[in-house]
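Okay, so here's the structure we're looking at.
Convention: sequence-line order gives letters A, B, ...; per-chain numbering from 1.
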Amino acid sequence: MSNVATRFAPSPTGALHIGGVRTALFNWLFSKNQKGTFHLRIEDTDKERSKDEHKIQIIKSLKWLGIEHDGDEYIQSTKISDHINVANELLKNGNAYKCYCSAEEIEEQKKRARQKKLPYIYNRKWRDLPESEAPKDIRPVIRFKSKIEGSSILKDLVQGDVEIDNNTIEDFIILRNDGTPTYNLSATVDDHQMNMTHIIRGDDHKINTFKQMQIYLAMNWELPKFAHIPLIHTIEGKKLSKRDNASTLDDYSKIGVMPDALRNYLLRLGWSFEDKEIFTLEESIEHFNLEGIGKSPSKLDMSRILSMNEHYIKNIDENELYKNLVEYCEIYKEKMNPAKEVKIKSSLSFLKNKAKTLEDIYNNAKYIISDEVKFEDEDLKLIDEKAKKIIKEFNNNLSSLESLNKENLEPIVNELIKKYETNFKGVGQPLRVALTGSKFGPGLYDIVISLGKEEVKKRLDSKILA
RNA sequence: GGUCCCUUCGUCUAUCGGUUAGGACAGCUGGUUUUCAUCCUGCAAAGGGGGGUUCGAUUCCCCCAGGGACCGCCA
């Protein structure tokens, strides 16, 4: 095992976001490719918004996708005293200072900056003021003494060298006036304590990285390597946010996108390996690298997700597909009766032909899953007097058959077509509706054969068709 | 507004100075077909603009334009 260690650090404030899923995937793949470890850190220090149920949901979602973290999850809120200790140490070694500015004073500065159309940056008032001048009635925050002169370079594994003037980074707060640490401090201390070697995260963290690098430097800690991956955009080209629909993992699982398909789609969103499109889990681990990550943001494309899913539906082992279907139905539709397993499994070959999602397969298979045929008024209209005769005659002709197969069903249907001077649709559609309650669905012969002679007769004998 | 990042078919992308700019999804033809699909043919579709460097730029450099991210005592 190498010493490569990566992490995914979500805050448990909601359902797992699709952008977060991809970040987790990239971190996980990179560590696995490097024979390293992947860790999960729960950043639950925002007590207001953090919920245990979200944490559980996040872990479950990652597992659903095939991502499991090594070791226990690291709970940030349990490490707060460590963060505070580091803040005090920074205070002691002169890399941080107490700032006694009131909230009003800061607000005033921001307002003035806005008016002058200048960027707001804290004016570093207390950076050099002596403690003796501190007002008694204000509890100070602790600010990091950020570099003013020169510039810093981030050697980013995806973006290359990024240089920024140090004076554009303000003296950011590391400890609030209630004594709690802020994000940049906590994240840095945690990453160091967790011995992270590679920080792979969204582009939106780049400025944070410049702040965090300074903390590493001030503490004399070894710097991890950073890789900032471009964000996922909506079709309009904006950062995908929780407010956008179809932005969480659940949005996809609930319509019947399979984990492997989503994993494969996300893998290829912003990453490529030659012209290869389809990657098994093993292949993705084998080939994943940071070099293959593109620099430009990419848009989420539903039709690609669906066609990827369709590809998996058509190509994976049918036992595997059935497992996915059962799991899906249990969560989002209805629990499948185990007695139907054989029938559904053997019908999968044609049920899946018309499906882009597990939901489609479920809909196609409804006539098997449910013993009762429900009719829509609209469809019932198709069953006119002529249709009833056809159905009856078909039903009678069935009796003479030893077994059901396409070869012996076809002549019966063809004869009916001739006799009633119609086309296949004229015979097939009423029969399909009679047997399944729907105009759409698998081919007629597939339906009849899969139902079996007895069940077909039972359904065609229904009073509603008489 | 400041800082930083990005820019190849509608979308995801390949190309690491010389290609008829390739693939995939979507789209559109045609064929098979038993509705809807599947499947198979084929077609159409791209280097934001302007300067350099070079015998030669999508590729290297600069400028512009457009888009994006960040600018919390949230994470």
Watson-Crick or G-U wobble partner of B:A65, both distances under 3.5 Å: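 Paired with B:U7.
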Could you let me know what B:U29 is paired to, Watson-Crick or G-U wobble, both distances under 3.5 Å, or none if it's on its own?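 Looking at the geometry, B:U29 pairs with no nucleotide.
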Using the [atom1] atoms only, state how far [M] lies from [N], rounded to an integer number of Å.
{"N": "B:C25", "M": "B:G67", "atom1": "P", "result": "32 Å"}
{"N": "B:U53", "M": "B:A57", "atom1": "C1'", "result": "10 Å"}
{"N": "B:G23", "M": "B:A65", "atom1": "C1'", "result": "31 Å"}
{"N": "B:A21", "M": "B:A44", "atom1": "P", "result": "14 Å"}
{"N": "B:C28", "M": "B:G10", "atom1": "C1'", "result": "13 Å"}
{"N": "B:U15", "M": "B:A46", "atom1": "C1'", "result": "13 Å"}
{"N": "B:G49", "M": "B:C39", "atom1": "C1'", "result": "45 Å"}
{"N": "B:G22", "M": "B:G1", "atom1": "P", "result": "40 Å"}

Rounded to whole Å, please give me the gap between [atom1] in [X] and [atom2] in [N].
{"X": "A:Met308", "N": "B:U11", "atom1": "CE", "atom2": "P", "value": "18 Å"}
{"X": "A:Phe210", "N": "B:A69", "atom1": "CZ", "atom2": "P", "value": "19 Å"}
{"X": "A:His205", "N": "B:A75", "atom1": "NE2", "atom2": "P", "value": "12 Å"}

With B for base contact, S for sugar-phosphate-only contact and - for none (protein heavy atoms under 4.0 Å), nucleotides 38-43 of chain B reads S-----
Can you give one letter per nucleotide of nucleotides 2-9 of chain B, going 5' to 3': B for a protein heavy atom under 4.0 Å from the base, S for sugar-phosphate only, - for none? SSSSSS--
With a 6.0 Å cut-off on ring centres, are A:Tyr97 and A:Trp126 close enough? no
Just to be sure I understand the rule, does [X] reach a base, reach only the sugar-phosphate, or reach nothing, if contact means heavy atoms closer than 4.0 Å?
{"X": "A:Lys47", "result": "nothing"}
{"X": "A:Ile173", "result": "base"}
{"X": "A:Pro140", "result": "nothing"}
{"X": "A:Asp46", "result": "sugar-phosphate"}
{"X": "A:Lys239", "result": "sugar-phosphate"}
{"X": "A:Gly202", "result": "nothing"}

If only side-chain N and O atoms of A:Ser303 are considered, is one of them under 4.0 Å from the OP1 or OP2 phosphate oxygen of B:U11? no
Can you find a side chain N or O atom of A:Thr45 that sits less than 4.0 Å from OP1 or OP2 on B:A75?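 Yes.
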Sequence-distant partners of [X], ring-ring contact (aromatic ring centres under 6.0 Å, His included), two or more places apart:
{"X": "A:His233", "result": "none"}
{"X": "A:His198", "result": "A:Phe30"}
{"X": "A:Tyr328", "result": "A:Tyr332"}
{"X": "A:Phe210", "result": "none"}

Side-chain polar contacts of residues 8-17 of chain A - donor-acceptor pairs under 3.5 angstrom, sequence neighbours left out - could you list them?
residue : atom : partner  : partner atom : Å
A:His17 : ND1  : A:Gly19  : N            : 3.2
A:His17 : NE2  : A:Leu240 : O            : 3.4

A:Arg432 side chain, from C-beta outward: closest of B:C73, B:A75, B:U35: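 Looking only at side-chain atoms, A:Arg432 lies closest to B:U35.
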Of the listed nucleotides B:C73, B:A75, B:C12, the one nearest the side chain of A:Asn208: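 The listed nucleotide nearest to A:Asn208's side chain is B:A75.
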What salt bridge (Lys or Arg N to Asp or Glu O under 4.0 Å) pairs are there with at least one residue in residues 294-312 of chain A, not counting sequence neighbours?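 Checked against salt bridge (Lys or Arg N to Asp or Glu O under 4.0 Å) - neighbours excluded - the pairs reaching residues 294-312 of chain A are A:Glu277-A:Arg304, A:Glu310-A:Lys314, A:Glu310-A:Lys356.
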Pair listing, salt bridge (Lys or Arg N to Asp or Glu O under 4.0 Å) test, anchored in residues 142-164 of chain A, at least two apart: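 Those involving residues 142-164 of chain A are A:Lys155-A:Asp161.
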Any side-chain heavy-atom pair of [X] and [Y] under 4.5 Å:
{"X": "A:Val141", "Y": "A:Leu175", "result": "no"}
{"X": "A:Gln57", "Y": "A:Lys51", "result": "no"}
{"X": "A:Val21", "Y": "A:Leu65", "result": "yes"}

ring-ring contact (aromatic ring centres under 6.0 Å, His included) contacts touching residues 151-191 of chain A (sequence neighbours left out):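 Every pair satisfying ring-ring contact (aromatic ring centres under 6.0 Å, His included) with a residue in residues 151-191 of chain A: A:Phe144-A:Phe172, A:Tyr183-A:His205.
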Just distance, no hydrogens or angles: give the donor-acceptor pairs under 3.5 Å from side chains in residues 75-84 of chain A, sequence neighbours left out.
residue : atom : partner  : partner atom : Å
A:Gln76 : NE2  : A:Asp190 : OD2          : 2.7
A:Ser77 : OG   : A:Asp44  : OD1          : 3.2
A:Ser77 : OG   : A:Asp44  : OD2          : 2.7
A:Thr78 : OG1  : A:Ile75  : O            : 2.7
A:His83 : ND1  : A:Ser186 : OG           : 3.0
A:His83 : NE2  : A:Lys79  : O            : 3.4
A:His83 : NE2  : A:Asp190 : OD1          : 2.7

Measure all distances between protein nitrogen or oxygen atoms and nitrogen or oxygen atoms of nucleotides 18-23 of chain B, and list the pairs falling under 3.5 Å.
residue : atom : partner  : partner atom : Å
B:G22   : N2   : A:Asp275 : OD1          : 3.0
B:G23   : N2   : A:Glu277 : OE2          : 3.0

Between A:Gly443 and A:Arg143, which has a closest nucleotide on RNA chain B that is more 5'?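 The residue mapped nearer the 5' terminus is A:Gly443.
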For A:Gln76 and A:Asp204, take the nucleotide of RNA chain B holding the closest heavy atom to each; which residue's nucleotide lies nearer the 5' end? A:Asp204
